[in-house]
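Comments concern the structure below.
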Amino acid sequence: MVKKYILLSMMRILKFGDYLKKIRGKVSQKDFASIIGISQNHLSYLENGKREPTISLLLLLAEKKGVDISYWFTPDFVKKMGKKESPPR
C-alpha cells in the first residue's frame, strides 16, 4: 500500500509539471516565472518534474486559477492528470 501511494505521488509530481506548462500556455517561461515570483530555472525544473512545488507556490497558483488549495489534492485533479493530453503549443 505504501509503495502504491509513493508511486501515485511521484506520478502526480511529474504530471503537475505538464499541468504547469498548460497553465503557462504561450507565455514564455521567463515571463510566467516573473508573474509567479520564481526564477525561470526553477520553473523549468518544476515543468520537467525535477522539483516538487512548494505549498506557497500551490497557494499562489490556486489563487490565480480561482480555486482553493485543496484542489491540487482532489480526485478531480488526479483524474485530470491521468488523462492523456497533447502537450500545449
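Note that these values count all heavy atoms, side chains included, but never hydrogens, waters or copies made by symmetry. A quick note: this is a predicted structure, and the numbers were derived from the prediction, not measured.
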For this session: Using the rule that two of Ile, Leu, Val, Met, Phe, Trp, Tyr join whenever any of their side-chain heavy atoms come within less than 4.5 Å, decide whether Y45 and I23 are in one cluster.
Result: no
Problem set entry | Straight-line distance of H42 NE2 to Q29 CD, nearest 0.5 Å | 12.0 Å
Exercise. Does the side chain of T54 reach to within under 4.5 Å of the side chain of L59, using non-hydrogen atoms?
Worked result: no
Seminar exercise, completed: Distance col, row I36:CD1 vs L20:CG, nearest 0.5 angstrom, shows 6.0 Å
For this session: Could you grab the distance from atom CG of L61 to atom CZ of R24, nearest 0.5 Å is fine?
Result: 12.5 Å
For this session: Verify whether one side chain among S44 and N41 offers a donor that lies under 3.5 Å from an acceptor in the other.
Result: no
Exercise. Take atom CD in Q40; do more than 12 heavy atoms of anything else shown fall under 6.0 Å from it?
Worked result: yes
Exercise. Is it the case that one hydrophobic cluster holds both L60 and V27, taking links as side-chain heavy atoms less than 4.5 Å apart, direct or via other members?
Worked result: yes
For this session: Kindly indicate, with the supporting measurements, whether the criterion side chain to side chain donor-acceptor pair (under 3.5 Å) is fulfilled by S28 and D31.
Result: CA-CA 5 Å; S28 72; D31 291 342; 3.3 Å; yes
Exercise. Nearest 0.5 Å, what's the NZ-CG distance between K21 and L43?
Worked result: 10.0 Å
